[in-house]
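Here the structure is laid out as structure tokens; the discussion comes afterwards.
These numbers come from a predicted model, not from an experiment. Per chain, numbering begins at 1; letters A, B, ... match sequence-line order. Quick note: numbers below take in every heavy atom, side chains included, and nothing from hydrogens, waters or symmetry partners.
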Amino acid sequence: MHDYQSIRQQFLINPDITFLNFGSFGACPKPVFEVYQQIQKEMEWEPVRFLARNAPARLELARKALGEFVHAHPDDLVYVLNPSWAVNAVGRSLKLEAGDEVLTTNIEYGACDKAWMYFCKQSGAHYIQQPIHFPVLDQQDIVESVISGITPRTRLIFISHITSATGFILPVSDICKAAQERGIPVFIDGAHTPGHIPLDLNQLNPDYYTGACHKWMMTPKGSSFLYAKKERQAQIDPLIISWGYDAAQPSHSQFLDYHQVQGTRDISAFLSIPAAIQFRAAHDWEKVSESCKQMVRASAGSFCEQLDTEPHIPIKPEFF
Amino acid sequence: MFSIPINTKEPERLQNTLYEQYQIEIPVMHQNEKNYLRYSVQGFNSPDDLNHLKNALLEIRHQSGLLD
């Protein structure tokens, strides 16, 4: 069992509340939050130097740290405020046509459903939500439900890595392999993934991936990333057209120019990511995390028994 | 993180009751005509936190119509 009493001292969370909703917006440890506020002070101290001169190099350092953490090349990652931002950037860039299909499940995050429904409605495309039947018997059932929805008009598969309302891990690696064998690109919504379960983007090899750092990585709020495979990067337009579009002094990467320059904004949360990664290492967070998962697995069945309901998933490590 | 399938006709009131009467911050999720109580465990959570939830659910189920 982890030392929850001393860990609690590290957080700003209201001690009068039994806080069992980390999944929605995370919570940032005090030492990381202090780094965040220090960065904000630096920004106010010399705003021009900070935002106009030093931002690209500082963002690069933060992307390198994140790249090591999620096992991706730092130039294949750009910071966004939240996963919805990433979904909107990619969705708008796909240039769906009438009759095209975006294939997904019926257990996705509501805000992402709304974004895809909007893009489909605008273009006359269809949002195909394959039903996932409960109780789920095994991961292979889910792979088959998704893959059986592929048609000649499927433009993209969009799928959660860990679902939101139903809170379990989907077999994204198998879905990626099966989809890519059929030439269908895959976009994974990993809002709940980084810092929660191990993430190796090189190995997983999705076409697009978005993850929130402000949940289980415990960074300040408003820090997330969009990953795109090298060969997909040129297709994604920036959500906000700004100086990085058709840049006067382009960097080595159009992907970075397009998505990193999004008008004046507070980039402090992005720059706090290395501190959050250091906090995890200093507090042996892999062990803490595993201990938390054991608490969940040990209690899940008894909560269901208590309420006379059946778990919708098997109580096995591959689902948690 | 685990979503407990629950039977409730008043998901919002259940969530409010858990917060206001028991000081438990926990979301009641709704999807495809089903309701779930999703609890997350992070390093600062103790077994007492889960016991507190368990006792609150027991009491709510016996004393109100919020949980079938």
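- Under the 3.5 Å distance criterion, the side-chain polar atoms of R38(B) are matched with a main-chain donor or acceptor of S164(A).
- Closest approach of C292(A) to G43(B), counting heavy atoms only: SG-N, 3.5 Å.
- Of the atoms belonging to H312(A), heavy atoms from both backbone and side chain fall under 4.5 Å from chain B.
- The side-chain heavy atoms of T18(A) and E25(B), taken from C-beta on, include no pair separated by under 4.5 Å.
- With a 4.5 Å cut-off on side-chain heavy atoms, F320(A) and M1(B) do not count as touching.
- Proximity of a side-chain donor or acceptor of Q31(B) to a complementary backbone N or O of E108(A) within less than 3.5 Å is detected.
- No side-chain heavy atom of L20(A) sits less than 4.5 Å from a side-chain heavy atom of S40(B).
- Between the R61(B) side chain and the Q306(A) main chain, a donor and an acceptor come within less than 3.5 Å of each other.
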task: Step by step, work out the side-chain hydrogen bond (donor to acceptor under 3.5 Å, both in side chains) result for S302(A) and K54(B).
output: CA-CA 9 Å; S302(A) 65; K54(B) 206 160 263 187; 2.7 Å; yes
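- For F11(A) and F44(B), the ring centers are positioned less than 6.0 Å apart.
- A centroid separation of less than 6.0 Å is found between the aromatic rings of F303(A) and Y39(B).
- Using a 4.5 Å heavy-atom cutoff, the side chains of N45(B) and F22(A) are not in contact.
- Between the side chain of T309(A) and the main chain of P5(B), a donor-acceptor pair closer than 3.5 Å is present.
- If you measure heavy-atom distances from F319(A) to chain B, you find no contacts under 4.5 Å at all.
- The residue among V28(B), L53(B), L37(B) with the most heavy atom pairs within less than 4.5 Å of chain A is L53(B).
- Counted within 6.0 Å of CD on E68(A), heavy atoms from surrounding residues, nucleotides or ligands total 12 or fewer; the atom is thus considered open.
- When heavy atoms are compared at a cutoff of 4.5 Å, H192(A) approaches chain B solely by way of its side chain, counted from C-beta outward.
- Taking each heavy atom of V41(B) and V296(A) in turn, the nearest pair found is CG2-CG2, 3.6 Å.
- Using a 4.5 Å heavy-atom cutoff, the side chains of S46(B) and M295(A) are not in contact.
- Residue L18(B): no heavy atom, backbone or side chain, is found under 4.5 Å from chain A.
- A heavy-atom distance below 4.5 Å is not found between the side chains of Q23(B) and F19(A).
- For the atom pair CD of Q42(B) and OH of Y4(A), the computed distance is 15.0 Å after rounding to the nearest 0.5 Å.
- Interface remark: L50(B) contributes backbone and side-chain atoms alike to the contact with chain A (heavy atom separation under 4.5 Å).
- For K30(A), the NZ atom counts as densely surrounded, since its 6.0 Å shell holds more than 12 non-hydrogen atoms of other residues, nucleotides or ligands.
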